[in-house]
Amino acid sequence: MKDFFWISCLCLFIYSCANNTDNEDDQKTGTRKAAKTISRRDRSINSSNAYNDLFLDSAAMEKFISQKKIPDSIANRIRSFYNVRNYQFAWFSSDGLTEEARGFWNLHDYVTTYDKDSSLKDKALKKQMDALTTEDTLFVNANDKKIIRTELTLTEHFIKYILHNYEKGFVKRKEMERFVPAKKEDPLKLADSIINKKHKDNKYFEDVNSSYKALKLELAKYYTIAKNGGWQQINVTKKRLKKGMQSPQIVAIKKRLQITGDLPGNDSTTIFNDTLELAVKNFQQRHGYSATGIVSNSLIKEMNVPVEKRIEQILMNMDRMRWMVNQSEGNLIMVNIPEFELHAYEGNRKIFDMDVVVGKEGHNTTMFNGDLNQVIFSPYWNVPASIVEKEILPEMDKHPDYLSKQNMEITGKDEDGLPVIRQKPGDKNALGKVKFLFPNSFNIYFHDTPAKSLFKKDKRAYSHGCIRLRDPEKMAMYVLRDQPEWSREKIEDAMNSGNEKFVKVKDPIPVVITYYTAWVDDNGKLNFREDIYGHDKMLSEKMFL
């Protein structure tokens, strides 16, 4: 009996040890599994090299995860996302929302409206973001609980968006964590890592974003140019060069255009020939100039932008294109501010392009999404209070008959005692003969204009923020084409009637206002444009060493 007792104890001890070993092995396996799905914390990031200037307390993140009962599948990705950033804010800097926050929120708005992604619908977040996106100036405190919650909620939604909208493998976890830059980098090293990164499964983000892919191919070309020494600076002279002229400077221009592929062959003569004229026109078109074939000082300055700066420009716009709306089967109107151009789509098919005038400096046209749901023919122009105060009142003081000459009338006074003024429909009306509403907090819309001469200019930033259309009648026909009662003749009559008429659009059309200073066009040509609002300048200071 004693022997049986001791044998039983021994068996129990052995079983217990074995069981404890199994538990320890399970815990180690779980730890290893978690470690594989959570990137290590990058403690090399500090205030001197960080992309952003605000840092988050990791305890606040854990509290957020706990309070919201976020499942491990998302929670671990949130932890990993902030580890890579050394707990640096992604969506806020000290002066407000980051460019990435605005880009993602526009995409979020589009997805929740048109793709009906219910997992991203959040009324409280929408209310908060709608308020934040309309703030002109904002000082953000890293300890503000409301801001912290918004920051973390945006990250949660960002992760859900990636998981829901991309087939597995096309956005790797570690790549997703770098959608928002974490620290300043050398642009050439960053370009090299993007170009030469290989994936075992042969799945790449550019395969699901054609605009990004096209820019990545151009990045490789410009990276090679940089490694080969770039291009020499061309001396600027007051003399304009054109076909038939001869100058030693023409040799340098030819060499410059050969490097970027604008000029084929290896001609090195001093004569401005037909081939060079075609190359100059190509370069002008790619940089937003009228294709005159004449080399001016401004064009030489464009040629003298160093290849390293062009690489930075490509990298910044590749980042912007991560937030590009995937074109659906429906309609889409897209405006690219630096291009001064509107593009109308049906699914992936472009229907037409249209020249536009955008906001001048100080009256910037904002990047956002909206839904074009109303056309107003022969509109009144309700003059904004700021324009009344700064522009109209001084004119009224100088010229007592100013309002009648401008076909304007006073309809009352606002709470500050400022007259409320509107301009009647007619030829002088600042909105022209039709306007198109896509309701937004910025009071921006499309409209006609009597100032047609502005469309002859290469750079068209002249408005107070709204977007003027070269061919508003064409836009009206496009917007109302599925409403047969609105024929061309009826649209023309309504535009010229002098009586304001509101027309509801049967199927509202999404409108996306973007800011790309580098992209590849429909002809496969790399385009560059001037950074008219200084967004590139601000971004490059944050992104690059």
Side-chain angles (χ1 to χ4, degrees), residues 23-93 98 100-101 104 142-143 148-149 151-163 166 168-206 315 318-319 322 542-545:
N23 287 337
E24 287 170 9
D25 287 344
D26 287 345
Q27 287 171 7
K28 286 177 182 176
T29 302
T31 303
R32 283 196 296 270
K33 229 176 198 179
K36 281 184 178 180
T37 58
I38 301 178
S39 297
R40 287 184 179 181
R41 185 167 180 173
D42 187 350
R43 296 185 183 275
S44 70
I45 297 175
N46 53 52
S47 57
S48 65
N49 66 3
Y51 173 76
N52 210 336
D53 62 353
L54 294 180
F55 286 82
L56 181 71
D57 185 348
S58 59
M61 179 196 70
E62 291 299 339
K63 184 178 179 181
F64 173 82
I65 290 170
S66 175
Q67 286 179 340
K68 288 197 72 176
K69 297 182 173 61
I70 297 174
D72 286 346
S73 58
I74 303 295
N76 282 342
R77 284 180 176 266
I78 294 174
R79 293 183 180 105
S80 190
F81 181 80
Y82 285 104
N83 271 352
V84 166
R85 310 182 58 73
N86 200 17
Y87 288 83
Q88 178 190 165
F89 276 68
W91 313 109
F92 289 93
S93 59
T98 61
E100 292 78 16
F104 172 57
N143 297 315
I148 291 170
R149 186 170 184 83
E151 163 77 19
L152 293 167
T153 304
L154 282 170
T155 301
E156 179 192 5
H157 279 231
F158 167 61
I159 290 166
K160 285 180 177 178
Y161 166 78
I162 295 292
L163 295 176
Y166 293 103
K168 187 177 180 181
F170 286 105
V171 181
K172 308 288 190 291
R173 175 178 59 80
K174 290 185 178 180
E175 181 179 18
M176 179 203 74
E177 291 163 2
R178 289 166 176 78
F179 266 44
V180 182
K183 62 181 176 182
K184 293 178 174 66
E185 297 189 60
D186 177 278
L188 288 181
K189 287 183 179 177
L190 179 58
D192 179 56
S193 67
I194 291 171
I195 295 163
N196 295 309
K197 179 72 174 177
K198 301 299 179 187
H199 296 160
K200 290 181 180 178
D201 62 2
N202 208 30
K203 289 182 177 180
Y204 297 88
F205 175 67
E206 59 261 31
L315 287 167
M318 285 176 70
D319 273 6
R322 294 184 188 278
K542 295 175 70 172
M543 280 184 69
F544 305 117
L545 292 169

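Here, residue 1 is the first one in the sequence, and each next residue gets the next number.
The CD atom of Glu177 sits 9.0 Å away from the CZ atom of Phe158 when rounded to the nearest 0.5 Å. With values rounded to the nearest 0.5 angstrom, Lys183 atom NZ is found 9.5 Å from Asn86 atom CG. Note: Tyr87 OH to Leu56 CG = 8.0 Å, rounded to the nearest 0.5 Å. If you take CD1 on Ile70 and CG on Asn76, they are separated by 11.0 Å, rounding to the nearest 0.5 Å. Considering CD1 of Ile78 and CD1 of Ile74, their distance stands at 7.0 Å, rounded to 0.5 Å. Between atom CD1 of residue Ile162 and atom CZ of residue Arg77 there is a gap of 9.5 Å, rounded to the nearest 0.5 Å.
Looking at Glu151, its side chain never comes within 3.5 Å of a backbone N or O of Phe89 through a donor-acceptor pair. With Arg85 contributing its side chain and Asn52 its backbone, the two residues share no donor-acceptor pair below 3.5 Å. Distance alone, capped at 3.5 Å, is enough to place a donor-acceptor pair between the Lys203 side chain and the Lys168 backbone. In this structure, the side chain of Glu100 does not engage the main chain of Trp91 through any donor-acceptor pair within 3.5 Å. Remark: the backbone N or O of Lys184 is not paired with any side-chain donor or acceptor of Lys542 at under 3.5 angstrom. In this structure, the side chain of Lys172 engages the main chain of Gly169 through a donor-acceptor pair within 3.5 Å.
Aromatic rings of Phe179 and Phe205 (six-membered ring for Trp) have centroids within the 6.0 Å cut-off, being under it.
Taking 4.5 Å as the limit, every side-chain heavy atom of His157 sits out of range of all side-chain heavy atoms of Leu154. Side-chain contact check for Arg149 versus Lys68: some heavy-atom pair is nearer than 4.5 Å. With a 4.5 Å cut-off on side-chain heavy atoms, Lys198 and Tyr204 count as touching. Side-chain atoms of Asp57 and Ile148, non-hydrogen and from C-beta on, never get closer than 4.5 Å to each other. Two residues are said to be in side-chain contact when any heavy atoms from C-beta on lie closer than 4.5 Å; Arg322 and Glu175 meet this criterion. Looking at Leu190 and Phe544, their side chains come closer than 4.5 Å, going by heavy atoms from C-beta outward.
Taking every heavy atom of both residues into account, Ser93 and Leu54 meet most closely at C-CD1, 3.5 Å. Shortest non-hydrogen contact noted between Asn83 and Ser39 is ND2-O, 2.9 Å. Shortest non-hydrogen contact noted between Ile65 and Ala75 is CG2-CB, 3.7 Å. Residues Ala50 and Phe55 come closest through the heavy atom pair CB-CZ, 3.8 Å. Scanning both residues, Ala182 and Val84, for their nearest heavy atoms gives CB-O, 4.1 Å. Here the closest non-hydrogen pair linking Leu152 and Ala60 is CD1-O, 3.9 Å.
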- Query: Where do Asp192 and Lys189 land on the salt bridge (charged side-chain N to carboxylate O under 4.0 Å, His left out) test, with the steps shown first?
  - Reply: CA-CA 5 Å; Asp192 179 56; Lys189 287 183 179 177; over 6 Å; no
- Message: Test side-chain contact (heavy atoms from CB on, under 4.5 Å) on Leu315 and Ile194; report intermediate values, then the result.
- Response: CA-CA 10 Å; Leu315 287 167; Ile194 291 171; 3.6 Å; yes
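One side chain, Thr155 or Tyr82, offers a donor N or O that lies under 3.5 Å from an acceptor on the other.
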